[in-house]
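Quick notes on the structure that follows.
When reading the values below, keep in mind they use all heavy atoms of this one structure, side chains included, and skip hydrogens, waters and symmetry mates. Residue numbers run from 1 in the order of the sequence given. Everything numeric in this text was worked out from a predicted model, so none of it was measured.
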Amino acid sequence: ATIMRRILVDHARAKRRDKRGGGWTRVPIDVAEERGTDGLVDLVALDDAMNTLAKLSPRQAQVVELRFFGGLDMTEIAGALALSRETVHQDWNFARAWLFERLGGDGDVQRG
C-alpha cells in the first residue's frame, strides 16, 4: 500500500508539474474510494493531508493507506494490524471524516 501510494503520488506530482495544476478536481475521499484513482483525486493534496494525519494518528493514517491504496477490506486491515475489526472501522470513520474536512469536502460523510 505504501509503495502504491508513493507511485501514484509521484505520478500525480509529475503530472501537476506538467500542467501547473490545471484541471485538478477535488473529490471527497468517499467518492474517490468508489471510483478508484483514475485521475479524479488530487493525490498530491491527499498525500499532504495523510502526512499530517500520520503525525497526529499514525494508526489511522495506516488504515487509510491500506484501505485506499492497498485495497484491503476492514477484516484484512484488522488482521494486518492485529486490531479488532471494530477498532479498524472506528479508525476508518474518523480518518475519513478528518480527511474529508481537510480536503475541503462538502456534503455528507456517511459511507463506511
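- Considering only heavy atoms from C-beta on, I7 stays 4.5 Å or farther from F69 through its side chain.
- Within the 4.5 Å cutoff, the side chain of L72 has no heavy atoms near those of the R67 side chain.
- Residues L8 and I3 do not share a hydrophobic cluster, clusters being chains of Ile/Leu/Val/Met/Phe/Trp/Tyr side chains in contact below 4.5 Å.
- With contacts defined as side-chain heavy-atom distances shorter than 4.5 Å, the pair M50/R5 qualifies.
- Classification of D48 and R102 as a salt-bridged pair fails, no side-chain N sitting under 4.0 Å from a carboxylate O.
- Using a 4.5 Å cut-off on side-chain heavy atoms (C-beta onward), L81 and L66 make contact.
- The line from CZ of F68 to CG of L43 is 6.0 Å long, rounded to the nearest 0.5 Å.
- In this structure, Q62 CD and S57 OG are separated by 10.0 Å, a value rounded to the nearest 0.5 Å.
- Here the closest heavy-atom approach between residue L103 and residue A45 is recorded as CD2-O, 3.6 Å.
- For residues 52-61, the salt bridge (charged side-chain N to carboxylate O under 4.0 Å, His left out) pairs, not counting sequence neighbours, are R59-D91.
- Here the NE2 atom belonging to H89 is positioned 11.5 Å from the OG1 atom belonging to T75, to the nearest 0.5 angstrom.
- E101 contributes no side-chain N or O that, together with a main-chain N or O of W98, makes up a donor-acceptor pair within less than 3.5 Å.
- Residue E86 holds its CD atom at 10.0 Å from CE of M74, rounded to the nearest 0.5 Å.
- Across all non-hydrogen atoms, the minimal contact from A78 to V88 is CA-CG2, 3.6 Å.
- Here the shortest heavy-atom pairing between E76 and G71 reads OE1-O, 4.3 Å.
- Distance alone, capped at 3.5 Å, is enough to place a donor-acceptor pair between the N51 side chain and the D47 backbone.
- R85 contributes atom CZ, which lies 9.5 Å from atom CD1 of I77 (distance to the nearest 0.5 angstrom).
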